[in-house]
Amino acid sequence: MREPRELTGTEKDTLHSAEQILLRDCMREKGFEYRPVPREPVPDAREFPYVIEDADWASRHGYGTDIERRMSEVRTNDPNQRYFRSLPADQRAKALAAANGTQPQGLTATGPDGVKLTRSPQGCRSEAERTLYRDLGAWFQARATRDALRPMRIREVTSDAEYAPATQAWARCMRQAGHDYADPAALRRSLPPPERPLPRTQEVALALAEANCAHTSGLAETAKRLDRKHDAQLRGRYASDVNTASRLQLEALPRAREIVRAG
């Protein structure tokens, strides 16, 4: 059987928007407000799980402390959180139940690590997902598995025998540039908290040195190659849930597009 393709970023945005519209309408029917929020409220936000290899991004954002400040502002100014905090205590409890159901029980999924996840099949969040994906139980299990694969993949890459020599070459390059760090993770741990960041020029210069050394040392290419390898292995190991998640999303797209057009 042919494996379902991965969704594009635009298609993921469409599914997210449709889910947000369904959540808004369901909460309104229950007497509460909800404002749809974008899937990526700060578009420039990126994660570099191994090493910063994008020099252009590093020249604009350094280690992303400007982005972290913007994300913090988004959380602080979230209209749904402000609305929720404005409700009396008894109404807040009712709003939570309306959104999430009265008890986090009824749906169960087992992650690749054996951890069991539970959630209510009631409430507006579950209703929105049921409307989009139809089989809520299959979607809950498939998504739980797929969401767990990324941290698993990162752990497998960083413990791969080929990864350490590449980080050592990166460290030598960084020392030659005047920065003594054993690996990119050690550099991250040395950074001050976002509320007291390095001076802007210093942050950008350090991030650029990391990115340049990522390429000249070969770490960037090694990390990408190992990431592809372990991604393929994990997807093969958990192919049933991975394919189910993609299939349900692809099948939901026509419904999502209609909801977005109508909403």
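Only this structure's heavy atoms are used, side chains among them; waters, hydrogens and symmetry mates stay out.
Contact record, Asp66 with His61: OD2-ND1, 2.8 Å, taken as the closest heavy-atom pair. Closest approach of Asp56 and Asp54 over heavy atoms only: N-OD1, 3.1 Å. In plain terms, the two heavy atoms of Ala214 and Trp170 that are nearest each other are N-CD1, 3.6 Å. Between Arg39 and Gly9, the shortest heavy-atom contact is NH2-O, 3.4 Å. Nearest heavy atoms, Ala18 versus Val260: N-CG2, 3.8 Å. Taking every heavy atom of both residues into account, Lys229 and Asp160 meet most closely at NZ-OD2, 3.0 Å.
Within the structure, side-chain hydrogen bond (donor to acceptor under 3.5 Å, both in side chains) pairs that include any residue of residues 76-89 do not occur (at least two apart or interchain). Here disulfide (SG to SG under 2.5 Å) pairs that include residues 224-263, with residues two or more places apart or in two chains, number zero. Within the structure, every pair that satisfies the side-chain hydrogen bond (donor to acceptor under 3.5 Å, both in side chains) test and touches residues 104-120, not counting sequence neighbours, is listed here: Thr110-Lys116, Arg119-Ser126, Arg119-Glu129. Sorted by first and then second residue, the disulfide (SG to SG under 2.5 Å) pairs with a member in residues 94-199 read Cys26-Cys124, Cys173-Cys213; sequence neighbours excluded. Sequence neighbours left out, the pairs with a member in residues 134-160 that pass ring pair (Phe, Tyr, Trp, His ring centres under 6.0 Å) are Tyr133-Trp139. Residue pairs meeting the disulfide (SG to SG under 2.5 Å) criterion with at least one partner in residues 216-263, sequence neighbours excluded, do not occur; the list is empty.
A distance-only check finds no donor-acceptor pair linking the side chain of Ser17 to the backbone of Thr14 [under 3.5 Å]. Distance alone, capped at 3.5 Å, places no donor-acceptor pair between the Asp231 side chain and the Asp227 backbone. With Trp57 contributing its side chain and Gly64 its backbone, the two residues share no donor-acceptor pair below 3.5 Å. Within the 3.5 Å criterion, the main-chain N or O of Ala128 finds no donor-acceptor partner in the side chain of Glu19. Under a 3.5 Å cut-off, the side chain of Ser190 and the backbone N or O of Leu187 do form a donor-acceptor pair. Between the side chain of Asn212 and the main chain of Leu208, a donor-acceptor pair closer than 3.5 Å is present.
In this structure, the separation between CZ on Arg125 and CG on Leu136 is 13.5 Å, given to the nearest 0.5 Å. Atom NE2 of residue His230 and atom CZ of residue Arg155 lie 12.5 Å apart, to the nearest 0.5 angstrom. In this structure, Leu191 CG and Thr65 OG1 are separated by 9.0 Å, a value rounded to the nearest 0.5 Å. Of the inter-residue distances, the one linking Glu40 atom CD with His16 atom NE2 reads 9.5 Å to the nearest 0.5 angstrom. With rounding to the nearest 0.5 angstrom, the CZ atom of Arg130 is 7.5 Å from the CG atom of Leu107. Residue Gln233 holds its CD atom at 11.0 Å from CE of Met152, rounded to the nearest 0.5 Å.
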(message) With salt bridge (charged side-chain N to carboxylate O under 4.0 Å, His left out) as the criterion, how do Glu203 and Arg196 come out once you've worked through the C-alpha distance, each side chain's angles and the decisive distance to 0.1 Å?
(response) CA-CA 12 Å; Glu203 178 184 344; Arg196 298 192 307 276; over 6 Å; no
(request) Determine, stepwise, if the pair Arg75 / Met71 fulfils side-chain contact (heavy atoms from CB on, under 4.5 Å). (result) CA-CA 6 Å; Arg75 289 190 292 269; Met71 293 179 73; 3.9 Å; yes
(request) With side chain to side chain donor-acceptor pair (under 3.5 Å) as the test, would you mind laying out the steps for Thr167 and Asp183 before giving the verdict? (result) CA-CA 6 Å; Thr167 61; Asp183 52 41; 5.6 Å; no
(request) Could you walk me through whether Thr145 and Gln141 pass the side chain to side chain donor-acceptor pair (under 3.5 Å) test, one step at a time? (result) CA-CA 6 Å; Thr145 297; Gln141 173 62 62; 3.0 Å; yes
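Leu117 and Leu149 are members of different hydrophobic clusters when ILVMFWY side chains are connected at heavy-atom separations under 4.5 Å. Ile21 and Met27 sit in two unconnected hydrophobic clusters of ILVMFWY residues. Membership requires side-chain heavy atoms under 4.5 Å apart, directly or through other members. Cluster membership check: Leu226 does not share its hydrophobic cluster with Leu234, using side-chain heavy-atom separations under 4.5 Å among Ile, Leu, Val, Met, Phe, Trp and Tyr. The cluster map of Ile, Leu, Val, Met, Phe, Trp and Tyr, joined by side-chain heavy atoms under 4.5 Å apart, puts Val204 and Tyr181 in different clusters. Clustering ILVMFWY residues whenever any of their side-chain heavy atoms sit less than 4.5 angstrom apart, transitively, puts Ile154 in the very cluster that holds Phe48.
Taking a 6.0 Å sphere around CD of Glu47, one finds it holds 12 or fewer heavy atoms contributed by other residues, nucleotides or ligands. Counted within 6.0 Å of CZ on Arg35, heavy atoms from surrounding residues, nucleotides or ligands total 12 or fewer; the atom is thus considered open.
Residues Val37 and Val74 fail the side-chain proximity criterion, which asks for heavy atoms closer than 4.5 Å. The side-chain heavy atoms of Glu3 and Arg235, taken from C-beta on, include no pair separated by under 4.5 Å. Considering only heavy atoms from C-beta on, Pro49 comes within 4.5 Å of Arg150 through its side chain. Side-chain contact between Arg28 and Tyr34: absent, with no pair of heavy atoms (C-beta onward) separated by less than 4.5 Å. By the 4.5 Å heavy-atom criterion applied to side chains, Tyr163 and Leu219 are counted as neighbours. Counting heavy atoms from C-beta outward, Arg70 and Ile67 have side chains that approach closer than 4.5 Å. Annotation: side chain of Leu23 is not in contact with side chain of Pro36 (no heavy-atom distance under 4.5 Å). Two residues are said to be in side-chain contact when any heavy atoms from C-beta on lie closer than 4.5 Å; Arg134 and Leu248 fail this criterion.
The pair Glu162-Arg225 meets the salt-bridge criterion, since a charged nitrogen lies less than 4.0 angstrom from a carboxylate oxygen. Salt-bridge annotation for Glu210 and Arg188: present, with a side-chain N of the basic residue lying under 4.0 Å from a carboxylate O of the acidic one. Salt bridge present: Arg5 and Glu11 bring a charged side-chain N and a carboxylate O closer than 4.0 Å. Salt-bridge annotation for Arg146 and Asp241: absent, with no side-chain N of the basic residue lying under 4.0 Å from a carboxylate O of the acidic one. With respect to Arg261 and Glu258, a salt bridge is recorded, a charged nitrogen being found less than 4.0 Å from a carboxylate O.
With no hydrogens or angles considered, no side-chain donor-acceptor pair links Tyr63 and Glu68 at under 3.5 Å.
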